[in-house]
Amino acid sequence: MRLSTASLLVACISLGSMGAGSMASAQAQWTQAKIPDEQHRTAQGCAGEARNPGDWVCILVRCDQPGSPPSLHFSTPGADILGNIKLVIDNDSFALSVPASPKSPLAWSTRAEAVPGDLLEAMKAGSVLSIEGADLKPPYNRISLQNSRQAIERIEWACAGPHLNAASIFRRIRRGFF
């Protein structure tokens, strides 16, 4: 799917407005993606502070294809997050590789090559995530995980589709996802 110039402009303005608005608070919330046409399959968490208008650092959890596990993307206004990085969630570390290609289908984003199986669980249970090994300095490398559980589980649900087992359906009913 090709993004039109207008869609790309709206996506960039939406991401940029996160820096001035929702990211101004140190307790940024995990939400649906602010990128057009991504709200139902992408959740985002962004750094809670930005020193300059238009700055942001966000992690996006996306359902690229139903039946596949969610993917992880990084969005910044400047240099892409590339290479070998580490995500530190509370006291746990997760190594990731973010290659120069394949490029992310999301505007202004790069995509992690593979997501460790327990990373999303740690993100849902943790309190703060730090990105290490990229050219990001505090506070830009720290993302609150407040409300991440509900946002990430919504994306996991979108990816799981009809492949749910009885136990996962029961958990989702208890949490109000049906």
Side-chain angles (χ1 to χ4, degrees), residues 15 18-19 21-35 38-51 55-64 68-77 80-99 104 106 108-160 164-165 167-177:
L15 285 170
M18 290 184 300
S22 67
M23 288 178 43
S25 161
Q27 295 299 318
Q29 303 282 318
W30 275 74
T31 64
Q32 293 178 335
K34 305 293 184 203
I35 302 168
E38 288 292 325
Q39 294 82 6
H40 300 294
R41 66 177 175 186
T42 306
Q44 70 182 37
C46 300
E49 286 185 44
R51 292 186 179 139
D55 282 350
W56 74 85
V57 174
C58 298
I59 291 183
L60 300 110
V61 177
R62 182 176 193 257
C63 179
D64 294 325
S68 297
S71 58
L72 196 65
H73 303 255
F74 301 91
S75 180
T76 64
D80 292 336
I81 294 176
L82 296 172
N84 295 322
I85 63 167
K86 186 169 35 171
L87 298 183
V88 179
I89 300 172
D90 300 332
N91 295 320
D92 297 321
S93 295
F94 300 88
L96 290 173
S97 176
V98 184
S104 170
L106 302 174
W108 294 51
S109 299
T110 55
R111 184 180 189 271
E113 190 168 60
V115 179
D118 52 349
L119 173 61
L120 292 180
E121 288 303 316
M123 289 172 67
K124 293 186 297 188
S127 60
V128 68
L129 177 147
S130 295
I131 303 169
E132 296 182 1
D135 291 335
L136 299 172
K137 305 289 182 236
Y140 295 108
N141 69 332
R142 295 178 56 84
I143 296 174
S144 170
L145 293 171
Q146 180 179 353
N147 294 333
S148 62
R149 176 171 296 283
Q150 183 177 2
I152 293 170
E153 284 181 347
R154 184 179 53 79
I155 301 310
E156 289 174 325
W157 166 250
C159 274
L164 294 175
N165 63 30
S168 63
I169 291 172
F170 179 71
R171 279 194 305 274
R172 293 179 190 284
I173 290 171
R174 270 190 322 165
R175 291 184 183 146
F177 283 103

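Predicted model only: the values in this text are computed from it and were never measured.
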Closest approach of [X] and [Y], non-hydrogen atoms and distance?
{"X": "I131", "Y": "A134", "value": "CG2-CB, 4.2 Å"}
{"X": "I81", "Y": "T110", "value": "O-OG1, 2.9 Å"}
{"X": "L60", "Y": "S109", "value": "CD1-OG, 4.1 Å"}
{"X": "A151", "Y": "W30", "value": "CB-CB, 3.9 Å"}
{"X": "M123", "Y": "I89", "value": "CG-CD1, 3.4 Å"}
{"X": "V61", "Y": "P70", "value": "CG1-CB, 3.7 Å"}

Working to the nearest 0.5 angstrom, can you tell me the gap between [X] [atom1] and [Y] [atom2]?
{"X": "C159", "Y": "R154", "atom1": "SG", "atom2": "CZ", "result": "11.0 Å"}
{"X": "I143", "Y": "F74", "atom1": "CD1", "atom2": "CZ", "result": "8.0 Å"}
{"X": "W56", "Y": "K34", "atom1": "CH2", "atom2": "NZ", "result": "14.0 Å"}
{"X": "Q150", "Y": "I155", "atom1": "CD", "atom2": "CD1", "result": "11.0 Å"}
{"X": "R142", "Y": "C46", "atom1": "CZ", "atom2": "SG", "result": "15.5 Å"}
{"X": "N141", "Y": "D135", "atom1": "CG", "atom2": "CG", "result": "11.5 Å"}

Taking only residues two or more places apart in sequence, or in another chain, which ones meet [X] in a side chain to side chain contact (heavy atoms under 4.5 Å, CB included)?
{"X": "D90", "value": "S127, V128"}
{"X": "Q39", "value": "Q32"}
{"X": "V115", "value": "L72, L119, L120"}
{"X": "S68", "value": "Q65"}

Taking only residues two or more places apart in sequence, or in another chain, which ones meet [X] in a side chain to side chain donor-acceptor pair (under 3.5 Å)?
{"X": "T42", "value": "E38"}
{"X": "T31", "value": "none"}
{"X": "D118", "value": "none"}

With no hydrogens and no angle check, just 3.5 Å: does a side-chain donor-acceptor pair link S75 and H73?
no

Side-chain donor/acceptor pairs under 3.5 Å, residues 91-98, sequence neighbours excluded:
none

